[in-house]
Amino acid sequence: MKEFKHFINGEFVTSALTFENRCPADNSVIGTIYEAGKEEVDGAVRAAKAAMKGPWGKLSVNARVELLYKVADRINERFEDFVEAEARDTGKPKSLARHIDVPRGAANFKVFADMIKNEPTEAFRFEGPDGVQATNIAHRTAKGVIAVISPWNFPLLLTTWKVGPALACGNTVIVKPSEETPATTTLLGEVMNECGVPAGVFNVVHGFGPDSAGEFLTTHPDVDAITFTGETRTGEAIMKAASVGLRDISLECGGKNPAIVFADCDLEKAVAGTMRSVFVNCGQVCLATERVYVERPIFDAFVEKLAAAASKIKLGAPDDADANMGCLISKEHQQKVLSYYQLAVEEGATVVLGGGVPKMAAGLEEGAWVEPTIWTGLPDDARVVMEEVFGPCCHIRPFDSEEEVLELANNTHYGLGASVWTENTSRAIRVSEQLEVGLVWVNCWFLRDLRTPFGGAKQSGIGREGGVHSLEFYTELKNICIQL
Ligand code: NAD
């Protein structure tokens, strides 16, 4: 049985309260998680603040970059430890953790280390009417102590996506991983010690959100900025907490992302891409497609092909090398997704595929499994069409014109991502420009260049991270004006 301890000031520590960590593939208890109270959170913040004043705050950019390279290398050396930890916490296939979670988790340290090393700043030569002259130089400094609040769907990847740039910019961090997925963030603490990252630079506190570690951390007055990934409603609570003391926030929240498939697309490519965008990680991706709009001439063919491909999905435990889909994160989330499956029927859906609980092999019956599911025929204002389900499911609806589909795609409070399938480049650009989202993929999905802006419009978030946008968030930009 594993124990998931807090990592504070370079040491693993326990606290009075604990809760269970379960593997959702079979609902077995795999460990005990310590829940941080105010005392542990305060200890972590004090350690992070002290490290800013200590060796970390005085380290040269080059030395910092070298350390972050070491962290990335060490994650890769301990690759299978991270794969095992992520797969057990989430129930995802190890093949997926090996392909996405762990390599991208390691890359987040290298990419942002390179970025800070090569980042230019502005300079302006000033000449006033009275002959006064000055040179203005912009200078970036670390923001200070950053709270990182992470979700459970890609625990290591989404945590390091924030920890990487935060540390590269010279900040210290306290991570509050999701209560569902403590393992890889805890392992990262071991890696930090193995690489010689000074104590207090990277801290981890475990626990829940309200009245627990999440709330205690985000309301702590010595936290200088908060970066969050999770549900929109949680983002609202965090924004309120951050308003006290005017702390900066970056919010990456939920989505109800459309895929728009035009009749002039490459149909095989569109079906294969939509298979990924709907079903990868059991649909638990903020960027996942849950609404598919298909131009009428190819509607029937598309539905038939997607259903045929989805019916071949093989559900299985993390170690099952043939499985290409795992389970949901928890029994609780399974109930939520199943309630939407039920609601879809009540709202008048035609169930093209799935809609229930699959029959799993012996030993997995207690796991959080749901069938890959496809619906058609729902009204545009159905709750299943409007609300984020966060499961392996989508609704497919025909459309007749660009104008109509833009209206449909934009008819949501969310604005995270969209994908557009067409071989007509002018149309691709025209449609992309009118979609009210932060990210559009044309003839692809989830193709991520870490230098590009990432974030959501509307209720899908505030701010952008990625590339220079991460540097914007994790640094204070100071202007130094020198009169000549
Ligand atoms: P969640 O909002 O329930 O939890 C996220 C984190 O916030 C957890 O660590 C949780 O303990 C913490 N938390 C909860 N309430 C809090 C509070 N009041 N104060 C401080 N912390 C609190 O989200 P989840 O269920 O873990 O993740 C799924 C959601 O995340 C989906 O809505 C998904 O779309 C979204 N998501 C968005 C992105 C993105 O980049 N936009 C990426 C992944 C997931």
Side-chain angles (χ1 to χ4, degrees), residues 19 24 33 35-36 41 89-90 100-101 104 108 147-162 174-182 184-185 204-220 223 226-244 247 249-257 280-290 328-330 332-334 336-337 368 387-391 412-418 437-439 446 448 450 453-466 469-470:
F19 57 102
I33 309 171
E35 181 183 357
V41 170
D89 263 3
T90 59
I100 293 187
D101 299 70
R104 290 205 197 180
N108 281 333
V148 178
I149 311 281
S150 309
W152 43 255
N153 56 339
F154 292 98
L156 179 71
L157 189 163
L158 291 174
T159 296
T160 55
W161 158 248
K162 287 160 180 302
I174 301 124
V175 183
K176 208 298 280 172
S178 167
E179 51 275 32
E180 307 283 357
T181 50
T184 46
T185 313
V204 182
V205 288
H206 293 295
F208 303 90
D211 202 25
S212 183
E215 183 181 323
F216 302 151
L217 181 58
T218 51
T219 54
H220 197 294
V223 165
I226 304 165
T227 177
F228 165 76
T229 306
E231 280 185 21
T232 297
R233 297 288 87 85
T234 313
E236 288 174 352
I238 286 176
M239 197 167 172
K240 273 190 200 142
S243 71
V244 179
R247 279 95 47 77
I249 44 163
S250 170
L251 303 179
E252 295 181 347
C253 300
K256 186 74 184 175
N257 312 296
V280 99
N281 209 37
C282 202
Q284 303 166 115
V285 185
C286 55
L287 304 156
T289 301
E290 289 194 4
L328 294 171
I329 189 65
S330 63
E332 193 189 345
H333 191 50
Q334 182 196 33
K336 179 185 160 188
V337 173
E387 298 173 13
E388 183 186 49
V389 179
F390 224 54
T412 166
H413 293 305
Y414 291 111
L416 190 54
V437 294
L439 304 133
F446 212 173
R448 287 279 298 122
L450 298 182
F454 181 95
K458 299 181 178 172
Q459 293 187 18
S460 288
I462 292 188
R464 293 290 179 274
E465 295 196 40
H469 309 281
S470 292

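Ligands are counted one by one from 1 in listed order, and the atoms in each one are counted from 1 as well.
When the heavy-atom distances from atom 16 (C) of ligand 1 to Leu157, Thr234, Thr232, Thr219 are ranked, the shortest goes to Thr234. Among Gly254, Gly214, Gly417, the residue whose heavy atom lies closest to atom 21 (N) of ligand 1 is Gly214. Compare Pro210, Pro182, Cys286 by their heavy atoms: the one nearest to atom 38 (C) of ligand 1 is in Cys286.
Using modelled atom types, no side-chain atom of Ser212 and backbone atom of Gly209 make a donor-acceptor pair closer than 3.5 Å. For the pair Ser178 (side chain) and Pro151 (backbone), a donor-acceptor distance under 3.5 Å is absent. A donor-acceptor pair under 3.5 Å is formed between the side chain of Asn257 and the backbone N or O of Gly417.
Here the heavy atom of the protein found nearest to atom 35 (C) of ligand 1 is Gly230 O, 3.3 Å. Remark: minimum distance from atom 41 (N) of ligand 1 to any protein heavy atom is reached at Cys253 O, 2.7 Å. In this structure, atom 27 (O) of ligand 1 lies nearest to the protein heavy atom Pro151 CB, 3.4 Å. Of the protein's heavy atoms, Phe390 CE2, 3.7 Å lies nearest to atom 28 (C) of ligand 1. With hydrogens left out, the protein atom closest to atom 44 (C) of ligand 1 is Asn153 ND2, 3.5 Å, a heavy atom. The nearest heavy-atom contact from the protein to atom 23 (O) of ligand 1 is Glu231 N, 3.4 Å. Of the protein's heavy atoms, Gly209 CA, 3.4 Å lies nearest to atom 22 (C) of ligand 1. Annotation: atom 24 (P) of ligand 1 to nearest protein heavy atom, Trp152 NE1, 3.4 Å.
Contact annotation: for Leu416 versus ligand 1, heavy atoms closer than 4.0 Å belong to the side chain alone. The part of Ile149 lying near ligand 1 is the side chain, judged by heavy-atom distances below 4.0 Å. Neither the backbone nor the side chain of Leu287 comes within contact range of ligand 1; no heavy atom lies under 4.0 Å. With a 4.0 Å heavy-atom cut-off, ligand 1 is reached by the side chain of Glu388 but not by its N, CA, C or O. At a 4.0 Å heavy-atom cut-off, ligand 1 touches Glu179 through the side chain alone. Neither the backbone nor the side chain of Ala241 comes within 4.0 Å of ligand 1, counting heavy atoms alone. At a heavy-atom cutoff of 4.0 Å, ligand 1 is contacted by no atom of Ser212, backbone or side chain. If you look at Leu158 next to ligand 1, the close heavy atoms, those under 4.0 Å, all belong to the side chain. Of the heavy atoms in Phe454, only side-chain atoms (C-beta onward) come closer than 4.0 Å to ligand 1.
Listed by chain and residue number, Glu290 satisfy the salt bridge (charged side-chain N to carboxylate O under 4.0 Å, His left out) test with Lys256 (two or more places apart in sequence, or in another chain). Partners of Cys253 under the side-chain contact (heavy atoms from CB on, under 4.5 Å) rule, at least two apart in sequence or in another chain, are Phe228, Thr232, Leu251.
Where the criterion is an N or O separation shorter than 3.5 Å, residue side chain and backbone included, Ala237 fails it with respect to ligand 1. Taking distance alone, with nitrogen or oxygen atoms compared against 3.5 Å, Thr229 stays at or beyond that limit from ligand 1. Ligand 1 has an N or O atom lying under 3.5 Å from an N or O atom of Lys176, backbone or side chain.
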Start with the C-alpha gap between Thr229 and Ile149, add the side-chain angles, then the distance that decides, and say whether side chain to side chain contact (heavy atoms under 4.5 Å, CB included) holds.
CA-CA 6 Å; Thr229 306; Ile149 311 281; over 6 Å; no
Give the intermediate values and the outcome of side chain to side chain contact (heavy atoms under 4.5 Å, CB included) for residues Glu465 and Glu252.
CA-CA 9 Å; Glu465 295 196 40; Glu252 295 181 347; 3.7 Å; yes
Is there a side chain to side chain contact (heavy atoms under 4.5 Å, CB included) between Phe390 and Gln284 once you walk through the steps?
CA-CA 5 Å; Phe390 224 54; Gln284 303 166 115; 3.9 Å; yes
Show your working on side chain to side chain contact (heavy atoms under 4.5 Å, CB included) between Ile249 and Thr227 and close with a plain yes or no.
CA-CA 6 Å; Ile249 44 163; Thr227 177; over 6 Å; no
Begin from the C-alpha positions of Phe454 and Trp161 and carry the test ring-ring contact (aromatic ring centres under 6.0 Å, His included) through to its verdict.
CA-CA 11 Å; Phe454 181 95; Trp161 158 248; 5.6 Å; yes
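Using a 3.5 Å distance cut-off with no hydrogens or angles, the side chains of Asp89 and Thr181 do not pair a donor with an acceptor. Using a 3.5 Å distance cut-off with no hydrogens or angles, the side chains of Thr159 and Ser150 do pair a donor with an acceptor.
For Ile238 against Ile226, the heavy-atom pair with the smallest separation is CG2-CG2, 3.7 Å.
Looking at heavy atoms from C-beta onward, Phe216 lies out of side-chain contact with Lys176 at the 4.5 angstrom threshold. A heavy-atom distance below 4.5 Å is found between the side chains of Ser250 and Lys162. By the 4.5 Å heavy-atom criterion applied to side chains, Lys458 and Tyr414 are not counted as neighbours.
For atom 4 (O) of ligand 1, no protein non-hydrogen atom is found at a distance below 4.0 Å.
Of all atoms in ligand 1, listed by their number and element, those nearer than 4.0 Å to a heavy atom of Glu252 are 37 (C), 38 (C), 39 (C), 40 (O), 41 (N). For ligand 1, the atoms sitting less than 4.0 Å from at least one non-hydrogen atom of Phe228 are 2 (O), 5 (C), 6 (C), 7 (O), numbered in the order shown with element in parentheses. Within ligand 1, counting atoms from 1 as listed, the ones closer than 4.0 Å to a heavy atom of Pro177 are 9 (O).
Within the cation-pi definition used here (under 6.0 Å to the ring centroid, within 45° of the axis), Arg104 qualifies as a partner of Phe446.
Ligand 1 has at least one atom lying under 4.0 Å from a heavy atom of Ser150. At least one heavy atom of Ser178 sits closer than 4.0 Å to an atom of ligand 1.
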